[in-house]
Engineer: 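This structure is in structure tokens; I'll ask about it shortly.
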Amino acid sequence: MDASYDAIVLGGGPGGYVCAIRLAQLGVKVACVEEEEYGGVCLNWGCVPSKALISNAHLYEKAQSASDVGIDFGAAKLDVARMQRWKDGIVKKLTGGVRGLLKSNGAVVVEGRGRLLDAKRIEVVDSKGGKQTLTAERAIVVATGSATIQIPGFEFDGKRIIGAREAVSLDHVPKRLVVIGGGVIGLELGMVYQAFGSELTVVELTPSLLPGNDPDAIKLVEKRIQKHGGKVLKETKALGVEKKKDGLVVSVEQAGKTSKLDADVVLVSVGMKPRSRDIGLEALGVAIDPRGFVVTDDQCRTNVPGIYAIGDVSGPPMLAHKASKEGEVAAEVIAGKAAGKDWVTIPGIIFTDPEIAQVGPTHAALQQQGRDVSVGKFPFSALARAMSIRETDGFVKVVRDNATDRVLGITICGPSASDLISEAVLALELGATAEDLALSVHPHPTLGEAMMEAAAGALGHAVHMLNR
Ligand SMILES: Cc1cc2nc3c(=O)[nH]c(=O)nc-3n(C[C@H](O)[C@H](O)[C@H](O)COP(=O)(O)OP(=O)(O)OC[C@H]3O[C@@H](n4cnc5c(N)ncnc54)[C@H](O)[C@@H]3O)c2cc1C
């Protein structure tokens with residue numbers, strides 16, 4: 001049924017659904033169009049399912065070694081089917097919750113694939129081929145997200161040659177898993193299956209895993225993969241894969257030499273690409289950069305009046321919390337409020353083992369820029385709480401500007417880095433100095449003490465480690 005709204009949001013991921021809810025809260029008549037399931041990549045096959053599996057991998061490893069600390073569970077056994085049902089239950093609860101929130105806030109849910117006909121109209125085709133045209137009097141928000149990049153020679157077959165979408169729903173633990181791409185998603189999922197018993201090989205084209213992240217943190221992750229018997233092949237190009245009855249053979253090239261890797265499953269994880277094509281943007285003259293990202297200003301506006309873009313489709317960092325924040329910004333701008341992308345930092349987290357969390361630039365990046373900085377690095381191995389939970393690998397690094405004492409960047413690598421980083425986010429948002437962090441009394445015994453000690457270390461007076 002054709003209908004008219006003030007605003008239409010195209011895509012119901014963490015960008016789109018948040019935007020639609022906020023618009024409805026602000027009294028804007030809004031519809032949110034989604035062709036698959038509300039919650040987008042994040043809730044359905046990204047952040048949420050992957051983290052559920054990751055937490056199970058930790059539990060499995062802890063259970064296996066619990067006898068070391070005097071608790072004997074016997075041999076830990078994995079029931080993959082039950083684990084997948086449990087994970088699917090979380091996804092269902094959350095996606096159902098999103099639908100409920102949209103409706104109860106007054107946003108209209110429209111199911112189908114949408115395409116812009118012009119700057120005010122979207123045609124929606126549902127799964128049965130039914131068509132309707134929706135009109136947006138004030139604004140259209142493009143929140144179509146991103147899709148897995150595929151590479152030639154590794155065409156997905158859904159079972160043995162797969163992407164992240166299939167990897168979070170495997171019905172078994174592959175004996176030999178080859179991950180093409182040593183970035184965030186490949187390592188997170190690769191390490192899950194390694195913890196469950198897969199022989200893991202990571203093939204990475206560049207000289208480093210997780211390019212751009214703190215080099216000390218990357219080393220720890222690489223060491224962990226190797227400690228569990230995994231292989232990391234850097235500066236290695238994946239050429240192709242041959243399907244055999246009893247497995248796969250992956251051809252790779254390193255320093256001009258070709259070799260073969262045996263595998264049962266190949267996970268291709270070389271990145272995500274924005275879904276900016278085939279939705280009518282080009283015909284309307286909406287600016288799209290060479291990488292496919294829709295170009296926006298600080299208010300999430302595109303160059304075409306009335307068309308906004310948010311989330312993965314509008315550029316990096318391709319993270320759920322960045323998408324949601326932009327959803328709020330766009331909604332408020334459309335509703336006539338003063339809003340903008342004025343954050344100081346978007347935290348980035350890598351849920352490897354150990355976890356890596358970052359706000360602001362890394363120490364290495366600041367050094368490359370020639371900035372006059374000091375760093376305090378406090379190891380978790382010196383912290384009572386880390387010892388008591390048996391997770392002593394890692395550190396907190398606080399980097400301060402020597403002239404102003406302002407904290408410029410914080411890296412946390414280690415236990416609960418993903419939770420601890422929120423203090424660092426607040427520190428950067430409030431323009432805290434290293435002294436502010438060092439003077440704030442942190443409770444004992446906690447992992448958070450590492451932040452206080454690292455800040456004191458950057459000032460040269462940490463108590464529980466030697467100052468350089
Ligand atoms: C395995 C994996 C793990 C991840 N883990 C994390 C993490 O831990 N933390 C984190 O912050 N980020 C993580 N991400 C990234 C995160 O999922 C994305 O940044 C986030 O989902 C982007 O939100 P979005 O709303 O921009 O787009 P999406 O989540 O991609 O949502 C876009 C929605 O639009 C719909 N859509 C697209 N085109 C149309 C159309 N024409 N008509 C109707 N509907 C359409 C799609 O079906 C989709 O539901 C992960 C990603 C993956 C793949």
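Just so you know, ligand 1 is whichever comes first in the structure, and atom 1 is the first atom listed for that ligand.
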Engineer: To which protein heavy atom is atom 35 (C) of ligand 1 closest, and what is the distance rounded to 0.1 Å?
Structural biologist: E34 OE1, 3.2 Å
Engineer: In terms of residue, atom name and distance, what is the protein heavy atom nearest to atom 25 (O) of ligand 1?
Structural biologist: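 Closest protein heavy atom to atom 25 (O) of ligand 1: G15 N, 2.8 Å.
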Engineer: Identify the closest protein heavy atom to atom 31 (O) of ligand 1: which residue and atom is it, and at what distance?
Structural biologist: G13 CA, 3.4 Å
Engineer: Which pair of non-hydrogen atoms, one from I421 and one from I410, has the smallest distance, and what is that distance?
Structural biologist: CD1-O, 4.2 Å
Engineer: Which of the atoms of ligand 1 are close to G311, meaning less than 4.0 Å from one of its heavy atoms?
Structural biologist: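 Ligand 1 atoms under the 4.0 Å threshold to G311: 26 (O).
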Engineer: Atom NZ of residue position K325 - does it have more than 12 heavy atoms of other residues, nucleotides or ligands inside 6.0 Å?
Structural biologist: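 Result for NZ/K325: open.
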Engineer: If the cut-off is 4.0 Å to any non-hydrogen atom of A323, which atoms of ligand 1 fall inside it?
Structural biologist: 23 (O), 26 (O)
Engineer: How about V109 and C32: do any of their side-chain heavy atoms sit closer than 4.5 Å?
Structural biologist: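 Heavy-atom side-chain distance check fails, nothing below 4.5 Å.
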Engineer: For G145, counting its heavy atoms only, list the atoms of ligand 1 lying under 4.0 Å from any of them.
Structural biologist: 26 (O), 27 (O), 28 (P), 30 (O), 32 (C)
Engineer: If you have a sec, work out which protein heavy atom is nearest atom 26 (O) of ligand 1 and how many Å separate them, to one decimal?
Structural biologist: D312 N, 2.9 Å
Engineer: Under the rule for side chain to side chain contact (heavy atoms under 4.5 Å, CB included), what residues qualify as partners of A217, not counting sequence neighbours?
Structural biologist: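 Side chain to side chain contact (heavy atoms under 4.5 Å, CB included) check on A217 returns D214, I356, F395, C413.
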Engineer: Do any heavy atoms of Y17 fall under 4.0 Å from ligand 1?
Structural biologist: no
Engineer: Who gets closest to atom 17 (O) of ligand 1 by heavy atom: G46, C42, G348?
Structural biologist: C42
Engineer: Give me the nearest non-hydrogen protein atom to atom 13 (C) of ligand 1 as residue plus atom name, then the distance to 0.1 Å.
Structural biologist: C47 SG, 3.2 Å
Engineer: If the cut-off is 4.0 Å to any non-hydrogen atom of S50, which atoms of ligand 1 fall inside it?
Structural biologist: 3 (C)
Engineer: Short N/O distance, under 3.5 Å, between M318 and ligand 1?
Structural biologist: yes
Engineer: Of the side chain and backbone of W45, name the one, both, or neither that has a heavy atom under 4.0 Å from an atom of ligand 1.
Structural biologist: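 For W45, backbone and side-chain atoms both sit under 4.0 Å from ligand 1.
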Engineer: Any non-hydrogen side-chain atom of T411 less than 4.5 Å from a side-chain atom of V396?
Structural biologist: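 Of all side-chain heavy-atom pairs linking V396 with T411, none is under 4.5 Å.
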Engineer: Do me a favour and list the nearest non-hydrogen protein atom to atom 11 (O) of ligand 1 with residue, atom name and distance?
Structural biologist: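 In this structure, atom 11 (O) of ligand 1 has A320 N, 2.8 Å as its nearest protein heavy atom.
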Engineer: Report the part of A167 (side chain from C-beta onward, or backbone N, CA, C, O) that has a heavy atom under 4.0 Å from ligand 1; answer both or neither where that applies.
Structural biologist: neither
Engineer: Would you call K234 and E222 a salt bridge, using N to O less than 4.0 angstrom?
Structural biologist: yes
Engineer: Just need the protein heavy atom nearest to atom 38 (N) of ligand 1, so name the residue and atom and give the distance.
Structural biologist: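 The closest one turns out to be T144 CG2, 3.3 Å.
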Engineer: Give the numbers and elements of all ligand 1 atoms closer than 4.0 Å to a heavy atom of I279.
Structural biologist: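 That gives atoms 41 (N) of ligand 1.
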Engineer: Taking only heavy atoms of L319 into account, list the atoms of ligand 1 that are under 4.0 Å away from them.
Structural biologist: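 Going through ligand 1 atom by atom, the ones under 4.0 Å from L319 are 10 (C), 11 (O), 12 (N), 19 (O).
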Engineer: Is it true that T352 and E188 share a donor-acceptor pair across their side chains at a distance under 3.5 Å?
Structural biologist: no
Engineer: Will you find, in the side chains of S4 and E137, an N or O donor that is under 3.5 Å from an N or O acceptor?
Structural biologist: yes
Engineer: Output yes when the distance from some N or O of ligand 1 to some N or O of V41 is under 3.5 Å, and no in every other case.
Structural biologist: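 N/O-N/O distance below 3.5 Å exists for this pair.
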Engineer: Looking only at N/O atoms, are G114 and ligand 1 under 3.5 Å apart anywhere?
Structural biologist: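 Yes, at least one N or O pair falls under 3.5 Å.
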Engineer: Can you list the atoms of ligand 1 that are under 4.0 Å from a heavy atom of G112?
Structural biologist: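 Taking each heavy atom of G112 in turn, ligand 1 has 42 (N), 43 (C) under 4.0 Å.
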Engineer: Which of these, A143, G40, G11, P347, has its nearest heavy atom closest to atom 32 (C) of ligand 1?
Structural biologist: A143
Engineer: Identify the closest protein heavy atom to atom 51 (C) of ligand 1: which residue and atom is it, and at what distance?
Structural biologist: I185 CD1, 3.9 Å
Engineer: Report yes if some heavy atom in the side chain of L102 is under 4.5 Å from a heavy atom in the side chain of I21; otherwise report no.
Structural biologist: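 Yes, side chains in contact.
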Engineer: I'd like to know if the side chain of K87 pairs up with that of S169 as donor and acceptor (distance under 3.5 Å, no hydrogens or angles considered).
Structural biologist: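 A pair is found: one side chain offers a donor N or O, the other an acceptor, under 3.5 Å apart.
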Engineer: Any nitrogen or oxygen of L189, main chain or side chain, under 3.5 Å from a nitrogen or oxygen of ligand 1?
Structural biologist: no
Engineer: State, yes or no, whether a side-chain contact exists between L177 and D264 at a heavy-atom distance under 4.5 Å.
Structural biologist: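 Of all side-chain heavy-atom pairs linking D264 with L177, none is under 4.5 Å.
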Engineer: Check contact between G327 and ligand 1, using heavy atoms of the residue and a distance below 4.0 angstrom.
Structural biologist: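 Distance cut 4.0 Å: G327 fails for ligand 1.
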Engineer: Does an N or O anywhere in K51 fall below 3.5 Å from an N or O of ligand 1?
Structural biologist: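 N/O-N/O distance below 3.5 Å exists for this pair.
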Engineer: Among all residues two or more places apart in sequence or in another chain, which pass the salt bridge (Lys or Arg N to Asp or Glu O under 4.0 Å) test with E61?
Structural biologist: none
Engineer: Does E188, backbone or side chain, put an N or O under 3.5 Å from an N or O of ligand 1?
Structural biologist: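 Checking ligand 1 against E188, no N or O pair falls under 3.5 Å apart.
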Engineer: Quick one: does ligand 1 sit under 4.0 Å from the side chain of R115, the backbone, both or neither, non-hydrogen atoms only?
Structural biologist: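 None of R115 does.
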Engineer: Quick one, T296 and R301 - any side-chain contact, counting heavy atoms below 4.5 Å?
Structural biologist: no
Engineer: If only side-chain N and O atoms count, and only distance matters, is there a donor-acceptor pair under 3.5 Å linking S418 with E355?
Structural biologist: yes
Engineer: Using a 4.0 Å heavy-atom cut-off, which part of I349 comes near ligand 1: side chain, backbone, both, or neither?
Structural biologist: neither
Engineer: For the residue pair E326 and S314, confirm or rule out a side-chain donor-acceptor distance under 3.5 Å.
Structural biologist: yes
